[in-house]
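Reviewing the structure listed below.
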Amino acid sequence: MSAVRNSFFRRFSRNLPAVAGVLLILVITGMAIAGPIFYPAGPWKLVGRPLLWPGEDARFLLGTDVLGRDLMAGLLHGARVSLMIGISATVAATLIGTVIGAAAGYFGGWVDRLLMGLTEIFQTTPPFVLAVVVVAAFKPSMASIVTAISLVSWPPLARLVRAQFLQLMPQEFVLAGVVMGMSNLRLIVTQLLPNALTPIIVSSSLMIATAILLEAGLSFLGLGDPNVMSWGYIIGVGREVLRTHWYIITIPGLAVLFSVLAINLVGEGLNDAFNPRSRSR
Amino acid sequence: MSSNALRIGRFVARRLVQAVPILVGIAVINFLFVNMAPGDAADVLAGEAGAASPEFMADLRERYGLDQPMYVRFLVYLGKMMTFDLGYSFRFSRPVTELLLAHLWPTLLLMVTAILFAFIMGIVMGVIAARNVNRWPDYLISTGALIAYATPVFWLGLMMIVLFSVNMGILPSSGMETIGAGYTGWRRAADIGQHLIMPALVLGMYLTAFEVRLMRASMLEVGEQDFVTTARSKGLGENAIAYRHVLRNAMLPLVTMLGLQIGAMLGGSVLVETVFAWPGLGRLAYTAVFQRDINLLLGLLFMCSLMVIITNIVTEVAYRLIDPRISME
Amino acid sequence: MNAILDIKGLRACLRGRSENAYVIDGLDLTVQEGEVVALVGESGSGKSMTAFSILQLLPPAIHITDGTILLGGHDVMKMDVRTLRQVRGTQASIVFQEPMTSLNPLMTVERQIAEMLLIHGKATRRTAPGKVIELLELVRMPDAKRRAKQYPHNLSGGLRQRAMIALALACEPRLLIADEPTTALDVTIQQQILKLLLDLRDRLGMAILLITHDLGVVAEMADRVAVMYAGRIVEHGPVVELLEAPRHPYTHGLLSCLPAEHADPDERLTEIPGLPPQPGSIRQGCPFAPRCPRSDAICTEVEPAMTSDGASHYKCHHPWTAP
């Protein structure tokens, strides 16, 4: 086992883009932690003249927005929002997807047909459109945004887990468990899920990136939690003065881009490290 | 040949029948979500009218059937939906079906252009990357695709407006045509085309990045298969092998994945149409959300799902036409 | 007699590995015009790599470091890309092991064979379909006209292999390389394909290099046999002598793996103990020494040279004696 783990880390650490992704994620996490430390008053405070360009006033490295809020404070606090929503929505979606996929794959028959029908219904509705409707229905808040994102993100994972289960079920160690009289739940939790874990981890890690993009899109449309400053919100507001003050939207946009890029790099690095054969050179 | 057309027809018909339970399921779920909202259209209308007397509210609710229990409203909704009567939009004072059809064409134009762009670019770049694997053209294309894959579409749209409309002044930043110019014929088509460039490019960027990566991986995988060695042993040149034998086989996954990507693209069109003020379904959805236009929202969700289902059927037919191993039966 | 194929001192190694990771290591092999030569060995001995190297079809990870491969008198390794392409299919062509995957699934049988005829100028677009039918009839494809219009997935394994042979014969090559052509097929089909190959040899007069691990096939088909081990030929000779009086202990071992004709079906086959060496693991001495019942000190020190004794040629310090 430890040999397996060692070779996993060796393969991962040899993958330069993946290591760069980890470093980028560390930077973004650092930003999220630094936010409340450097800007304890929060990102909403009006601190200076509005629409200051970056560097125009030494106190505001990234300038100020339409109302005179410090963009650096917004950027740091936004990192917090993006990471929190990205991770919690992914955890929720992974749970939903795993439970549904596992049940469908394990029990088969009408349970499978019913759950896969449900999955197909959710896959047929465009995710972002459905997320918009759900958030609007519940009134925008952190909770409704996380709910909406996880609600539209679980179907691919359910299909993945189901496919894994179908592949694992006929194998000997599972049959041995059946013969030993293990209960369904025990068999699923102790025998099947651990063996399906690798692909679940890989696709969940990639799901964080999609969740961050969905959140940014929602808050850009004005469907963000009105109490938290997120990158999408800054872009949405900055859009009003796009023609004259494009710097306002540039920095949070790049922040979204780099976060998503970093997570994708790490996710692919994980995939390559777990499945060395799948790597296309 | 006509028997072939017949087989395709039967296949499409069978798929459409199979889609009915899915559509009913979608209707149920959409209805649940939209009706979970606290407050209803009467609240919104009354709030705007400024006269919120209980009598007026009750009158509004009765007029629009909002006083009925939820299941009655659902059954009525479902019954009407089967005849494509999607109800009446309170806000626009027009039937929903009419509104949807009016906004469908701009969105279709935008999406079809974006998909074509993504497909052509995806195949061309993917092939270039695969044929130069681990050399600079591959690194350049792969890195570009990785970045495009991580870029938020709405932000890309705004940055392009800054560059091409504000700074360079060469492309219009909003709308589908120049208002009040009164162009007709080719002049009008050119005008629409000019307005189309940026939104289509932005909307297609994500799909392009996806297709490039898929095409590259697929070309490399197919390139290692036995029949490629057979082709080489026949004395074919590398170009003929790549284009005649590898390319067609490598394109199959692209066709399959298109059906799955179309949903993401419809979501993207809400953002892109909002950014570029493109008069399509996406912007209509944006409006409907903020005006709590329930019937319109339900109609939109239904319409989007229908578009996804139709695209899926089209891609399945295309796949079966390209790959003789999979039959229409 | 003229040699259609003459390989001398061929060495090929795995790219990116240590210099000694040779998959083919000093291989000599000749095939005369019209002759059937069987190349025999366990999987991993380098048989298929030898076959691929003749038409320069080795995977990118493997490259040739030394040796010459004369095909019809010309060294394929000195050919430019254009000449090489011309030689492929006309001088020599290959039938692969796996008929399920060696044809393009998206092209009809006719198009795949016609493509071969067209690139070598053996037919025009107008005459190609007729020639394809002739070729399919030559390999006794039942209902050739209808089959020509079908896709590979419509054909059974045996029929696909017939299509593959028709493809290989399209430009009348002087050498047909058959890489385990029947391994993936049912036993009854195997017999038909082998008979077809022999029959075609008699009718068309081409040479066949038959690569196989099946000594039963060898006995039936070959004029001469070359036994391959660890990337080199360890013994070669006429089929009767080699099968009846093997000199190399490895050949001997392979032969005792064969079930006797009327043996008790429950009796276990004797196997050669151990595994063939990994490329690069043998540094000196005879590569078979670690598994050889007859090896002694000299075997692990000095690699034996090719010794000729009558019709037999072998590389061994302690050969079995001729009867």
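The structure displayed is predicted, hence computed values, not measured ones. Lettering follows sequence order; numbering is per chain, from 1.
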Under 4.5 Å from any heavy atom of chain A - which part of B:Leu156: neither
Under a 4.5 Å heavy-atom cut-off, does chain A meet the side chain of B:Val275, its backbone, both or neither? both
Quick one: are B:Trp155 and A:Val256 in side-chain contact, heavy atoms under 4.5 Å? no
Correct closest heavy-atom pair for A:Pro126 and B:Ser305 would be CD-N, 4.4 Å
Where do A:Tyr247 and B:Val162 land on the side chain to side chain contact (heavy atoms under 4.5 Å, CB included) test, with the steps shown first? CA-CA 10 Å; A:Tyr247 67 90; B:Val162 170; over 6 Å; no
Give, for atom CG of A:Leu242 and atom CG of B:Leu158, the distance between the pair rounded to the nearest 0.5 Å. 5.5 Å
Against chain A, label B:Leu266 side chain, backbone, both or neither, depending on which of its atoms sit under 4.5 Å from a heavy atom there. both
Heavy atoms, side chains only, cut-off 4.5 Å: are A:Trp246 and B:Val166 in contact? no
Does the side chain of A:Arg239 come within less than 4.5 Å of B:Thr274's, by heavy atoms? yes
Give me the contact list for residues 206-222 of chain A versus chain B, heavy atoms only, anything under 4.5 Å, ordered by residue number. A:Leu213, A:Ala216, A:Gly217, A:Phe220, A:Leu221, A:Gly222
To the nearest 0.5 Å, what is the distance between CZ (B:Arg213) and CG (A:Asn264)? 7.0 Å
Does B:Leu301 reach the side chain of A:Val133, with side-chain heavy atoms less than 4.5 Å apart? yes
With a 6.0 Å cut-off (strictly less than), is the heavy-atom count around CZ of B:Arg14, excluding the residue itself, greater than 12? yes
Taking atom CE of A:Met84 as the centre, report whether more than 12 heavy atoms of other residues, nucleotides or ligands fall under 6.0 Å from it. no
Tell me, side chain or backbone of A:Thr244 under 4.5 Å from chain B's heavy atoms, or both, or neither? neither
Hey, what do you get for CD (A:Gln123) to CD1 (B:Ile26), rounding to the nearest 0.5 Å? 11.0 Å
Neighbour count >12 (heavy atoms, 6.0 Å) for atom CZ, A:Phe258: no
When you compare the side chain of A:Thr125 with that of B:Ile29, does any pair of heavy atoms fall below 4.5 Å? no
If you tally heavy-atom pairs under 4.5 Å between each of B:Gly263, B:Gly25, B:Ala150 and chain A, the highest tally belongs to B:Ala150
Whatever's closer than 4.5 Å to a heavy atom in chain B on A:Phe122 counts as side chain
For A:Ile263, which atoms come within 4.5 Å of any heavy atom of chain B: side chain, backbone, both, or neither? neither
A:Thr124 side chain near B:Asn312 side chain, heavy-atom distance below 4.5 Å: no
Distance from B:Met159 atom CE to A:Thr250 atom OG1, nearest 0.5 Å? 3.5 Å
Do the non-hydrogen side-chain atoms of B:Leu146 and A:Leu265 ever get within less than 4.5 Å of each other? yes
